[in-house]
Amino acid sequence: MKYIDDTVVMKRMKSRLQINKFWKAIFFIATSLALFALVILLVRILSQGTGYLNWDFFSNFGSRFAEKAGIKAALIGSIYLMLVIAPVSMILGVGTAIYLEEYAKKNKFTDFIQMNISNLAGVPSIVFGLLGLTIFARMLFLGKSILAAGLTMSLLILPVIIVAAQEAIRAVPKEQREASYGMGATKWQTITRVVLPAAIPGILTGSILALSRAVGETAPLVVLGIPVILQFLPDSLLSEFTTLPLQIYDWAKRPQEEFQYVAAAGIIVLMALLVIMNSIAIFIRNKFQKRY
Amino acid sequence: MVDLMIKNSDETKVKSPKQAVSKLKNTIEKKTVFGTKNFNLWYGSHHALKDIQLDIKENDVTAIIGPSGCGKSTYIKALNRMVELVPIVKTSGEINYRGRNIFESSYEVEELRTKVGMVFQKPNPFPKSIYDNIAYGPRIHGIKNKKILDEIVEKSLRGAAIWDEVKDRLNQNAYGLSGGQQQRICIARCLAIEPDVILMDEPTSALDPISTLKVEELVQELKDNYSIIIVTHNMQQAARISDKTAFFLNGEVVEFDYTDKIFSTPRDGRTEDYISGRFG
Amino acid sequence: MVDLMIKNSDETKVKSPKQAVSKLKNTIEKKTVFGTKNFNLWYGSHHALKDIQLDIKENDVTAIIGPSGCGKSTYIKALNRMVELVPIVKTSGEINYRGRNIFESSYEVEELRTKVGMVFQKPNPFPKSIYDNIAYGPRIHGIKNKKILDEIVEKSLRGAAIWDEVKDRLNQNAYGLSGGQQQRICIARCLAIEPDVILMDEPTSALDPISTLKVEELVQELKDNYSIIIVTHNMQQAARISDKTAFFLNGEVVEFDYTDKIFSTPRDGRTEDYISGRFG
Amino acid sequence: GSETETEDAATTGSNAAETTDSGDAQLTGSVSGDGSSTVAPITEGLVEEYGAVQPDVKVSVGVSGTGGGFEKFIAGETDFSNASRPIKDEEKAELEKAGIDYTEFQVAFDGLTVVINPENDWATELTVDQLKQLWVEDGTTKKWSDIDPSWPDEEIVFYSPGTDSGTYDYFDEVILEGADLVKAATLSEDDNVLVQGVSADKNAIGFFGYAYYLENEDKLTAVSVDGVKPTNESIESGEYTPLSRPLFVYAKNSALKENEAFYDFMKFTLEHAGEMAEAVGYVKLPDEKYTEGLTALEGLK
Amino acid sequence: MASQGLEKEQSVQQLIAQSRNKKGKKIVEKLMPLILIITALISVLTTIGIVFTLIFETFEFFQRVSITDYLFGTEWLPFSGSEPLYGVLPLVLGTLKVSVIAACVAVPLGIAAAIYLSEYASDKTRRIVKPILEVLAGVPTIVYGFFALTFVTPLLQQLIPSLKIFNALSPGIVVGIMILPMIASLSEDAMSSVPNSIREGALALGATKLEVSLKVVLPAALSGIVSSVVLAVSRAIGETMIVSLAGGATPTFEFNVTGSIQTMTAYIVQVSSGDAGYGTTIYYSIYAVGFTLFIFTLLMNLLAQYISKRFREEY
Ligand SMILES: Nc1ncnc2c1ncn2[C@@H]1O[C@H](COP(=O)(O)OP(=O)(O)OP(=O)(O)O)[C@@H](O)[C@H]1O
Ligand SMILES: Nc1ncnc2c1ncn2[C@@H]1O[C@H](COP(=O)(O)OP(=O)(O)OP(=O)(O)O)[C@@H](O)[C@H]1O
Ligand SMILES: [Mg+2]
Ligand SMILES: [Mg+2]
Ligand SMILES: O=P([O-])([O-])[O-]
C-alpha cells in the first residue's frame, strides 16, 4: 500500500515553496534591519561631527571653547592604553590558552578554570572597574595611570582572548602536531614552531576584536577616576592620561550646544579607529585563511 | 616468536631455489628491529591490541593489512609511542627497538622518534615553505649551520624523488603542491633526520593512482637503507611492495608471513576471506 | 545510447539460458529512469564530468566504480541536483529523469528529490529520535496523522531490515546506534517517502564487515521495488550486488555494461587494469 | 599618592632657589585633582590658561562628581578636590583618619536656576515657600492650580538633576529643608536632558546650574525667586538667595607645602577663578573673597 | 645509515647525537608548563579578586542595612534625607525591563539573521555581512547611549506620546541592537557547525531550505543558539552606559516601560561619578549592588554553560 500520495505531494509542493520564499524574505529583512541600524547611527554621527573634523581637532588639547577643543590627549591616551593592553592581555591570554589546550589534563581543575573563564567573560565591565580601583589603583599604588587602566582593561578582555586563542589552537589539525612529534620534537618545540605559527592569525583576529572592545569601554574608567581635563601627553606608563570615550562622554554633557558636535566628531574618530582595527582583523583573517 | 618464524617459513612452499636462499638468509642474518612481545593496548576499556607477537626485521618492507578498525594504525603508532598522545591509552607487554624496551620509563620518546620516522595517511606538511618543512627536523635537533641544512634538504628531497619537481621553488609554501607531491615532501621531511625505521600509515590512500605509483616506487628504493613498516588497505599494494605481511583482525595478528605466502596460500581461513574481498 | 546498449549486450558472452532471457527482457522492456546526454560538469574551472552518456534502467542495481576523484560522487549527486549545493558548479547537457530534463529551469529540485532518494557515504541521521528521523520526510510532505506516520515508520524500518533492532527504542536518539544501524536508519528514512530511485554513495565504506553484509542484502531486496544506483570503491561489492556497472575514470565513463561482463571480459584496457588492482 | 610626593619633592628642590612668589620661573611637576562636574568647566579653563604660563606642569583633573572626588581625595590620590557643596562630616572624619589636612577655598558662585517653559506665563515669579510646595513629595499628584487656583488645572512635570549631584543636594537642603523631592520628577545626571525636557513641555519646571541656563536662555524662562531674578549681579551681590551656592576647591596642605607646582597652580586658580567663572557661565565672588583665599594660601606655603 | 653526501662524513644522526642532552632544552621543557599554569591562574585570581573586592564592602553594607530589607524591599531611596531605603527590587526590575525588551528585539532578529546568513546567504554575503555586524557589536556603548537618548527616544515619542524622556523602552531597544550581532554571530557559528551531511540528508528528501533550517538545523544547533542568547542577555544585564544615559535615574517598582527607570549598573555609575561621600552607606551600597549584579550574570553564565553542556548534540 502506498502512503505517500503523489498528487497530494505535488499540490502541497507549491505552497511549501511559497512559504520558503516568504520566510527567506523575512530572514533577509531581519539581517538588513541590523545593518540599517548601523547605517542610521553612522549617518547621524557623520552629519553632526564632520564639521569639526580638521587638523586642529587632532592637534589640540581639550578646551573650554568648542572651536579650540581637540582630541590630542584622548587619542594618544587611547593608543597608549592599547599599547599596554595588547601585550599584557595577549601574553596572559595565549599563555592560558596554550596551557589549557596543550598541557592541561582533562580533570576537575581544568574544568574549573574553563568555567571560570566563561564566567569572567560575562562579568559586567563596571565590576572590573571596581576591581581595578581596589587592586591596581589603590593596593598596588598605580593610581590613575595608564598602567592601572591598562591592567584593568587587560583583565576585562582576557577571557575573550583566551577563548579566541583556544579556538585558534584547537583548529590546528592534530596531524600537524603528530608530524612534529614524529620527528622527535619536544612538546615546547612543537608548540612554538608548529602550533603557534599556524594559530597566530586566529589569535590576532580574536585579540584585535577584543582590543577594539577595550578601546570603546567607558564604565571601568569612570570608576577608576581617569581624568578628562588635562593638557599634556603621557610620558610614561605611570602618567595620567585620558581616553576617547571619556572625552566624548565629557563633551556630550556640556551645556554649550556646539560641544554636542565636538562629541560627534570625537565619536567619528573613535569609530574610525575601531573600523581600522576591525579591518586589520578581517585582513589577517582573509590573508592567512587556513590552507590545510 | 623466532621459533614460530622458522616454522612458518618451513611450511612455506618454496617456489624457486633463489627464493629459498634469500629466505633462509633473511631468517638467519637479518637483525630484528622491532620485537613485539605479548603487547596489549587499551583505549580506556576498549582492548584495541591483543597479545601482539611480531618481529620486524631490518631492511624489510613489512606490510600491515586488515579491515578498518582492526588496530593497524594503533600498532604502528605504538612503535614510535605516538599512540601515547591519546591520554586514555594503556599498554602492557613489550616492544623492543633494537633490543631495548621502548616503554621503559628511562626511554626518551624524542630519542626513539628521531630513530623511527613516520609518514601519515593524509599528507601533513607544515604550512611553511618546502625548505622549512625539510629543515624542521634537523633544526629542532640543533642543526643550525645553513650549509649543512642546505645539503640535508637537497639530499632528502632527492631521496624522496621530488627534488627535480621542487628545486626551483623551495621557498614556496608546501600547500601549493599536489597531494602526491605533498606526501613525498612528508617522506623527505622524515628522511631528513636519517631515521633507522620508517613507519607509513596508509601513505597512498589519499593519493591519485599516478602519485601512488611514485610513492610505491620510492618505498622500493628506500628499503635498501631503511626498514619500512607500511599500513595499507590496498591488498594489491601490499602484494606489490612488501616482503612480509601481517594480517590484523580485531586487534589480533591473525597471520604474519612472507607476502607471497600470505597472498598465495594463507594458513588462516579469515586471511583468505579478507584477501578475496569477502569483507572489509 | 540505446543502440550502444544493445550492441554491448550482443557482445556479452551469454553464460546460461536463463541469464540470456533476463538480459533480453531487460533490454527490451525496462524503462529508462535516468537518461544522461552529453552531460558535463565543472567545479569552477575543473572539468569534473566530461560528456557523460549513460542510461539507467528501472529496477536495476547500477554500480558506479572508479578510482578516487574520478567523479563518481559528482555524477550521482548530479542525478538529484545535490551537486548544486556547491556554488561554483556549472553544468551543460541533459539528465532526463523519466523523460524530463532535471536541469530545466521550471523543474523544482524539491520535487525531484522527493522522487529520487539518497543514501550517503557517512551515515547522517538527524540528531533526533529514530522515529522522528523516519517521519521527517512524510511530515514535510504534510502527513500529520499519527497512525499513518506510525505505519510508515514501521514499514520503512522493516524495509531497511532494522525494525527488530530498534522497535523498542524508537524514541531514542539515532546517534546512539552503531554506524551500521545508523546507515540502515538513513536507508529507512529514504524509503519513508517512497522514492522511485535510490542513490547510494559508498553506503558501506564507513561500516564494519557485518553491517556491510546486511546493507548489501538489503540492496538486493530493495531492487524489486526501486531502481538503485550505488557508488562503491569495493569491486567485489559491485560484482556481488549490481546488475550493471559503469567504470569512471578522470570524469569519463570508460565502460558501462552488465556487471559480469565488466568483471570477466572488460573491453577497455583501463578497466582491466583497475579491476585487477593495478591502480586506485 | 606617595610616589607623586617624592617626585615632586625632587622638582621642588631644583627650583626652590629662584621661585620666590610669582609664577615667572619655569616649573615642572604634576598636579592632580578630581571632583565636581559643576566646577569642572572653571577648572578646565584654568588648566588651559595655566598651560600657557607653565607648559611643563602637568595638571590633570577628573570629573567624578563632588563625592567621587572626595573619595579619591581621602584615598590620597589627588592634590585637590572640586566640590559644589561644602565637605560633609563623614568625609571630614575619613580625612582625619587618613591623616590628610586640607584647606577650603571658594572659587565662584553658581546660581541654581529654576526654569520654566517660555510659554508658561503664570509661574515666572515664585517664593521659596511656593517652590517648596511645588517640589516636596506629599503623596499627591501636583497641578499648577494646587499652588495658585488662578493657574491652569494641569499636571506639573518636574525635571531635576540626579539625586547624587551637588546641585540636587543643595536644592534639597535649602528649599526642601531635607524633605524628599517629589517622586514624579524626572531625574538626570545630564543637565542637557533637563534643558531639553523643560523646553519641550509647557507644564514643565526644573532647576540646574546657572551656566546651563545662560547657554539656553532663548529656550527657557528663569523664575524669579522671592522677587529676584538670577543674574550675575544679583548672585554676586548675594541678593539672589537662597539659591546661589558657592563652589569650592579643597586643597591638600601637605601637597601645597611640598609641591611647588601645585602651590603655583592654586595661586593661579585664585587669581583667575573670577574671570574664568564668568567666562564659562558662573558668577565670580566679591574680590575680597579671592584676596582672603590668597592670604590663606600664602600661609600654607 | 647512508650519509655519503654530507661533508666531514658525518651523518645527521651523529650531528643530532652531538647536540642532544643540552641542558637548556630540558629546562625549558620543564619550566614552560609552570609559567603557563601561572598565566592560567591569573584568570582565577581575577575572579577571586572580584569576589573579595565586592564581598568586603558588601559586608560593611549589610552591617548597616538588613539583608532582608535589601533583598525584598520595593523602594530604593538611598538619597532620601529623611529615611533612606535600600530595597534592591526596583533596580532589579529596571534591569530586567531593559534586558527583556532587549531580548525581545535581539532574539528574533538575531536568530533570523543567523538563519539567513548560515542557510540562505552566499558565502560571499556572509563574509561581508558578518564583519559588518561585528562592527555593530564593537560600537562603544556611550555612542549607543546618545543614540538612544537623542534619536530613538524622540522617534518613539512620536509613536507613543506618553513616553517619557527617560524610559525603559528606548534603551531596551538600543541594547537589543547592541547585542543583536552577538546572537546573530554566535548562533550562526552554532548553525554552521551543524555538519553539512545532515543538511544534505534533509535536502535529499525533498525538503525546502526553510524546512531544513527550522526542523533540522535549528534543533541541532539549539544548545549553541540558546547559550548565545543567554550570554547576550547577560551582556544586556551588565550594560552600563546606554542605560545610564537613556534610562534615567528613578528606581521605581512599576511595571510600565514608558517611565524613567534605573538599573543596577546605572546606579553604580551614578554613585561612582556622583556626590556620595566616601564611607557613607551609599558608598557601600554600590558594592552590594555590584555584588548582586555579579551574582546575576554568574547565574546567567552558569545557565548558558549548563545548557550548552546538557543539550549538546552529538553528530
Ligand atoms: N583515540 C582513540 N580513542 C578511542 N578509541 C580509538 C582511538 N583510536 C582508535 N580507536 C579504536 O581502536 C580500534 C583500532 O583503531 P585503528 O585506528 O588502529 O584502526 P585501523 O586498523 O587503523 O583502521 P583504519 O583502516 O580505519 O585506519 C578501533 O576500534 C578504534 O575505534
Ligand atoms: N566541492 C568541490 N569543489 C571543487 N572540486 C571538487 C568538489 N568536489 C569534488 N571536486 C573535484 O571533482 C573531482 C571528482 O570528485 P568526486 O568527489 O566526484 O570523486 P569520487 O569519484 O567520488 O572520489 P571518491 O572515491 O574519493 O569519493 C575531484 O577531482 C575533486 O577534487
Ligand atoms: Mg588507520
Ligand atoms: Mg565520492
Ligand atoms: O558633579 P556635582 O557638582 O554635581 O557634584
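So you know, we letter chains A, B, ... as the sequences are listed, proteins then strands, and number each from 1. Note that the coordinates shown come from a computational prediction; the quantities given were computed from them, not determined experimentally.
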**Request:** Below 4.5 Å from any heavy atom of chain E, which atoms of C:Ile140 appear? Answer side chain, backbone, both or neither.
**Result:** both
**Proximity breakdown for C:Val119 and chain E, heavy-atom pairs closer than 4.5 Å** = neither
**Verdict with reasoning, C:Thr114 to E:Leu205, per side-chain contact (heavy atoms from CB on, under 4.5 Å)** = CA-CA 5 Å; C:Thr114 345; E:Leu205 291 170; over 6 Å; no
**Complete:** All heavy atoms of C:Tyr136 vs all of E:Glu211, minimum pair found to be OH-O, 3.2 Å
**Item:** C:Glu84 side, atom CD; E:Leu203 side, atom CG - distance, nearest 0.5 Å
**Value:** 11.5 Å
**Fill in**
What one should report as the nearest heavy-atom pair of C:Arg189 and E:Gly201 is NH2-CA, 3.7 Å
**Value rounded to 0.5 Å, distance of CG in C:Leu85 from CG in E:Asn196** = 7.5 Å
**Asked** With no hydrogens and no angle check, is any side-chain donor or acceptor of C:Lys115 less than 3.5 Å from a backbone partner on E:Gly206?
**Response** no
**Item:** Greatest number of heavy atom pairs closer than 4.5 Å to chain E - which of C:Leu112, C:Ile193, C:Val116, C:Asn124
**Value:** C:Asn124
**Request:** Examine whether an atom of C:Arg81 lies under 4.5 Å from a heavy atom of chain E, and if so say whether it belongs to the side chain, the backbone or both; otherwise answer neither.
**Result:** neither
**Item:** Partner chain E: residue of C:Arg139, C:Glu111, C:Glu110 with the largest heavy-atom pair count (under 4.5 Å)
**Value:** C:Glu110
**Request:** For residues C:Lys77 and E:Glu200, report the shortest heavy-atom separation together with the two atoms involved.
**Result:** NZ-OE1, 4.5 Å
**Fill in**
Nearest heavy-atom contact between C:Pro127 and E:Ile198 is CD-CD1, 3.8 Å
